[in-house]
Amino acid sequence: MSKWYEKSGPESDTVISTRIRLARNLHELPFPVKMNKADRKKLVQGVAEATKNCTAEYDFQFVNMEDVSKVEAVSLVERHLASPEFISECDGRGMLVTEDETVSVMLNGENHLSLQTILEGLNLQRAYQTADQLDTMLEKSLHFAFDETLGYLTQNPVDLGTGMRASLMLHLPALKDGGEISRISTSLSKLGLALRGIYGSGTEPKGAIYQLSNQVTLGLSEQEAITNLESIAMQIITQERTARQTLAQSLDIQDTVSRSLAILQSARIMTNDEFMRLISNVRFGVAAGLIENVNYDVINRLIIEAQPATLMLSSGKKLTPNERHVLRAQMVHNIVKNENKADD
Amino acid sequence: MLCESCGKNPVTTHVKTIINGELTEYSLCAECAQKLGYGNLLTGLGRNFSSLLGGFFGETEPDSTDTMRCKGCGSSFDDIARSGKVGCAECYHIFYHRLIPLIQRIHGNTKHRGKVPGGELPQPRPQSQLSLMRRELRDAIDSENFEHAAALRDRIRELEGEKANE
């Protein structure tokens, strides 16, 4: 079964994926900050019991965070299944995840449950429907903390109301190149949205990949929040496409794109930073029509599989940074080469 | 400690992230946090929470005579302000009036309009919702929470209008 990151979806030139998260807490237990070991166990058991009602829809596997290695935990973040905060403390935490990794639930993190769906491309409606359906199934046997005025009650008041965070993973190389991101980010914050880099320290996001998400959860419905996010996203996408057209005419840029593909195809040693820079150039090249024989699904897949922890996890052994750089170059070379062949 | 991005201003926001396969935390000043999409109070409220509450209630020392604790989890309001985390569902009822100004500031709103659990069950009739809101309005006026009262007043008018149009 292919995972969401092995595919591409609507508006895939700019939108890599769509994610919905719903924060939920059980009425009868204190919030995570006040939970003891027995409470955490009770929650995990309660949720395991509740998911028995939906085995026909979801093939959930349970991951006990206390049993996973550091590499596995980091790979969960690289695959966008867990937040960095979630893996920073593993006591009593767990996760349910389907085989294709599109539906998952974090247990005992910032909230008792954090329901998540993630899909390729711009897919807000479908992602919300899936999350909503899972929520409705779970609430048949779980009593979620809810107040008529404040909505779903959450540990942090920032999540009150719908408890919903909708986000889009966007590839914005041209806006980044033009130095537009911080201006956009500042004006978005006034609209209750946030735009931030996903990879790297945020001060210099790697690969020009950003996350656009809603910040306000109280006072507007899930549909209103999604419609709002989608309309702002379309404006950003339009700006990005316009900026790309100008960039793509420059011979310097065309040269950079061609060289980037050539290095990805033939390098023997590659750091993660170099990989992210090159794959971003190639993704831009595909969108601008400068490269024809590489598909978005291959690029999306590489961006996840070449991340350090995920790379190590698939190799099945602990690798030094140098060994990782060699393995990354090899993997990228094989996948890009096969892609070229398949298209011949 | 100075901001890791500009190296000039004091740190206000801490962000956990993965860099090269390692879990890392980096620290930003308010200005850089804003530029990088972590700026508003809506994300990683954490350590800003108590200063935010401080802003609401004046720069006074926490009132040591304030010993009210949540029956559900034992949290005091001071615990919530310090950690930025609410202890349990019951806390929202016990400390409702003290949390509402903060919630208003975060979301620009204090009334849920989204999904209601058990959506297939009959919803409370608008009439009963109205009487609840009128009671809440009286409470808000009594406790001199005029901002909340004004919002409630508008919502009540809206609902009354809807009723009249039926």
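Per chain, numbering begins at 1; letters A, B, ... match sequence-line order.
Interatomic distance, CD of Gln215(A) versus CD1 of Ile106(B), reported as 11.0 Å (0.5 Å rounding). Atoms CZ and OG1, on Arg196(A) and Thr17(B) in that order, are 10.5 Å from each other to the nearest 0.5 Å. The distance from atom NE2 of His27(A) to atom CD of Glu90(B), rounded to the nearest 0.5 Å, is 7.0 Å. The distance from atom CZ of Arg113(B) to atom OG of Ser221(A), rounded to the nearest 0.5 Å, is 6.5 Å. With rounding to the nearest 0.5 angstrom, the CD atom of Glu25(B) is 10.5 Å from the CD atom of Glu85(A). Taken from SG in Cys73(B) to CZ in Phe31(A), the straight-line distance is 8.5 Å, to the nearest 0.5 Å.
Applying the salt bridge (charged side-chain N to carboxylate O under 4.0 Å, His left out) test to pairs two or more places apart or on separate chains, those with a residue in residues 179-193 of chain A are Glu180(A)-Arg183(A).
No donor-acceptor contact under 3.5 angstrom links the side chains of His112(B) and Asp147(A), judged on distance only. No hydrogens or angles considered: a donor-acceptor pair under 3.5 Å links the side chains of Lys115(B) and Thr136(A).
For chain A, the nearby parts of Ser75(B) are the backbone and the side chain; heavy atoms of each come within less than 4.5 Å. Only the side chain of Glu78(A) comes within less than 4.5 Å of a heavy atom of chain B; its backbone N, CA, C and O stay farther away. Neither the backbone nor the side chain of Thr310(A) comes within less than 4.5 Å of any heavy atom in chain B. Heavy atoms closer than 4.5 Å to chain B are found nowhere in Gln211(A), neither backbone nor side chain. Heavy-atom distances place no part of Ser83(A) under 4.5 Å from chain B, backbone and side chain included.
Considering only heavy atoms from C-beta on, Leu150(A) comes within 4.5 Å of Ile100(B) through its side chain. Put simply, the side chain of Lys85(B) reaches to within 4.5 Å of the side chain of Glu110(A), judged on heavy atoms. The side-chain heavy atoms of Ile87(A) and Ile18(B), taken from C-beta on, include a pair separated by under 4.5 Å. For the pair Tyr152(A) and Pro117(B), the minimum side-chain heavy-atom distance is below 4.5 Å. A heavy-atom distance below 4.5 Å is found between the side chains of Tyr92(B) and Pro157(A). The shortest side-chain heavy-atom distance between Tyr96(B) and Thr149(A) falls under the 4.5 Å cut-off. Taking 4.5 Å as the limit, some side-chain heavy atom of Leu160(A) sits within range of a side-chain heavy atom of Ile103(B). Between Val216(A) and His107(B) there is a side-chain heavy-atom pair separated by less than 4.5 Å.
Closest approach of Cys88(B) to Pro30(A), counting heavy atoms only: CB-CA, 3.8 Å. Closest approach of Arg324(A) and Asn20(B) over heavy atoms only: NH2-O, 3.8 Å.
For the set Pro321(A), Ala309(A), Gly163(A), Gly161(A), the count of heavy-atom pairs under 4.5 angstrom toward chain B peaks at Gly161(A). The candidate from Thr271(A), Thr217(A), Leu26(A) with the greatest count of non-hydrogen atom pairs under 4.5 Å with chain B is Thr217(A). Heavy-atom pairs under 4.5 Å with chain A were tallied for Gly74(B), Gly21(B), Cys6(B); the largest tally goes to Gly21(B).
Counting non-hydrogen atoms of other residues, nucleotides and ligands closer than 6.0 Å to CG of Leu2(B) gives a total above 12.
Annotation: side chain to side chain contact (heavy atoms under 4.5 Å, CB included) contacts of Ala50(A) (sequence neighbours excluded): Leu138(A), Ser141(A), Leu142(A).
Judged purely by atom type and a 3.5 angstrom limit, Gln155(A) has no side-chain atom pairing as donor or acceptor with the backbone of Gly87(B).
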